[in-house]
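The structure presented is a predicted model; accordingly, all values stated were derived computationally and were not measured.
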2 protein chains.
Amino acid sequence: MQPDIATLGSLIGDDSRAHMLTALMGGKALTATELALEADITAQTATRHLTQLVTGKLLTVRKQGRHKYFQLANHQVADVLESLLTLSTQLTIPHIKTGPSDPALRFARVCYDHLAGEIGVQLYNGLVTQGLLLDQGDVTHLTDKGRRFFSKQGFDMDAYAGSKRPLCKSCLDWSERTNHLAGSIGKWILQDLFEQKMVTRRLDSRAVTFSDRGLMRFKARYGL
Amino acid sequence: MQPDIATLGSLIGDDSRAHMLTALMGGKALTATELALEADITAQTATRHLTQLVTGKLLTVRKQGRHKYFQLANHQVADVLESLLTLSTQLTIPHIKTGPSDPALRFARVCYDHLAGEIGVQLYNGLVTQGLLLDQGDVTHLTDKGRRFFSKQGFDMDAYAGSKRPLCKSCLDWSERTNHLAGSIGKWILQDLFEQKMVTRRLDSRAVTFSDRGLMRFKARYGL
DNA sequence: GGTACAGTTCGATGACCAGCGAAGCATGAA
DNA sequence: TTCATGCTTCGCTGGTCATCGAACTGTACC
């Protein structure tokens with residue numbers, strides 16, 4: 001039996017569902033009504049789409065009281081979506097203006113579970129020039145110096161030793177068209193930013209906002 | 001403007017088109033009628049689908065006499081398709097039997113422009129254990145020893161120095177569920193196999209066939 | 001020239017499916 | 001209990017689009 005990419009494609013290939021999925025690329029779990037608003041459809045139709053996405057194994061649900069929280073099923077799904085996003089920007093907006101029109105989104109946003117946008121790209125480049133990451137085209141890995149650096153920052157290297165997910169991984173930024181940092185370290189950096197209260201999250205979008213002081217601390221910390 | 005992954009998805013999300021695309025994952029350019037046969041539809045409908053795919057920038061055409069040869073537009077498209085293939089096998093055939101039923105396909109096949117299947121995975125693992133590749137999860141890179149080895153084999157390292165495509169890249173095998181080797185080196189290895197006449201290509205599928213002698217030479221060459 | 005074949009255009013048909021209104025169920029709050 | 005809210009089920013409607021038959025253009029080969 002051939003793997004059925006057609007059903008997968010048609011699941012993504014509907015406007016409303018595509019909106020929902022991109023909204024969920026923010027990494028947060030969203031309720032059915034939130035997703036309905038996002039896709040600009042009524043609750044009834046949203047239900048239909050959501051059940052399709054769940055039975056299609058692209059989403060998972062968690063019931064909490066009278067709310068239902070939906071989430072992307074795993075990183076593989078997120079990866080596929082991100083690659084589709086990248087490809088589609090390349091195709092649809094070839095050389096005019098790249099990426100999101102909202103400047104805040106363009107500056108800093110969440111890409112599933114890590115940081116993207118201008119600042120994400122700056123971070124990536126900075127880490128490379130400092131010799132903490134080694135970039136070899138699409139493939140990127142952490143240098144020994146990088147390991148020591150992130151350990152010192154509080155990243156628990158051993159906790160991720162057995163994980164199937166790569167420690168670090170470059171992710172093509174669909175607004176900037178260059179790499180930013182994904183993988184376990186990318187995730188950790190973002191989490192850490194929230195915990196250290198350097199950034200806050202906009203409620204209604206993937207954008208993240210740096211406080212003035214947060215931005216300074218961030219740049220100092222990663223030598224930007 | 002948001003990137004439009006919906007149209008991209010719906011392009012892939014049709015059975016006939018999906019068949020055509022997976023057929024083209026073999027890397028060879030195919031004619032319109034060949035693709036029509038592949039998708040089991042008439043020539044007229046094939047034309048419609050193909051024009052859609054071309055205007056959607058997923059395929060490119062080359063006219064040659066009275067034939068039209070279609071091909072995937074670039075690796076990015078191939079990458080998206082491969083990731084979709086992988087995801088869909090994970091989803092649809094969860095734990096029963098992985099991958100293609102055809103044993104020849106399972107043993108050795110072309111994945112766009114490099115070698116996949118059991119033998120592809122063997123090659124990858126062999127290169128890793130010999131210290132020619134360094135595998136760090138999803139990210140893989142060529143070691144210095146590996147550079148020397150491939151240079152000696154006749155791979156022109158300098159020719160790819162400026163290429164945006166990574167020299168080596170792991171690609172998740174959808175039948176074996178482990179990595180095989182993609183990237184420029186993966187491509188070179190496959191080309192070399194054809195040139196050295198160690199393998200021949202089946203006309204109608206992605207499967208490649210090793211001659212007995214070819215298999216021996218291949219294993220000797222890469223220390224398997 | 002004529003014949004065969006590759007690919008196209010057009011129009012008609014039919015199926016699928018997103019969308020919503022209306023009504024119903026379930027949970028939590030007053 | 002009553003009300004509000006979140007989500008669901010049902011049935012209908014309309015639009016979109018894949019499919020094919022029939023007829024057409026263009027290329028190749030004899």
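- Between B:Tyr222 and B:Phe150, the angle of the ring planes lies from 30° to 60°, which puts this pair in the tilted group.
- Nucleic acid contact for B:Asp14: sugar-phosphate only, since backbone atoms but no base atoms lie under 4.0 Å from a heavy atom of the residue.
- The distance between atom CZ of A:Arg62 and atom C1' of D:dG6, rounded to the nearest whole Å, is 16 Å.
- No hydrogens or angles considered: a donor-acceptor pair under 3.5 Å links the side chains of A:Thr42 and A:Thr45.
- Applying the salt bridge (Lys or Arg N to Asp or Glu O under 4.0 Å) rule to pairs touching residues 189-200 of chain A yields A:Asp192-A:Arg221, sequence neighbours excluded.
- Less than 4.0 Å separates DNA chain D from at least one heavy atom of each of the following residues of residues 44-53 of chain A: A:Gln44, A:Thr47.
- A straight line from NZ of B:Lys63 to C1' of D:dA28 spans 13 Å, rounded to a whole angstrom.
- Residues A:Leu193 and A:Trp188 have side chains not in contact (no heavy-atom distance under 4.5 Å, counting atoms from C-beta outward).
- Remark: side-chain polar atoms of B:Asn74 are paired, donor with acceptor, to backbone N or O of B:Val77 under 3.5 angstrom.
- Taking 4.0 Å as the cutoff to heavy atoms of chain A, we find the contact window on DNA chain C bounded by C:dA18 to C:dG28.
- Side-chain contact of B:Thr31 with B:Glu34: a donor-acceptor pair under 3.5 Å is present, judged by distance alone.
- Nucleotide D:dT19 holds its P atom 6 Å from the CD1 atom of B:Ile41, rounded to whole Å.
- B:Asp40 places its CG atom 12 Å from the C1' atom of D:dT19, with the value rounded to the nearest Å.
- Put simply, CG on B:Asp15 is 16 Å from P on D:dC17, counting in whole angstrom units.
- In this structure, the side chains of B:Ile12 and B:Arg17 stay at 4.5 Å or more apart for every pair of heavy atoms.
- For the pair B:Met25 and B:Leu72, the minimum side-chain heavy-atom distance is below 4.5 Å.
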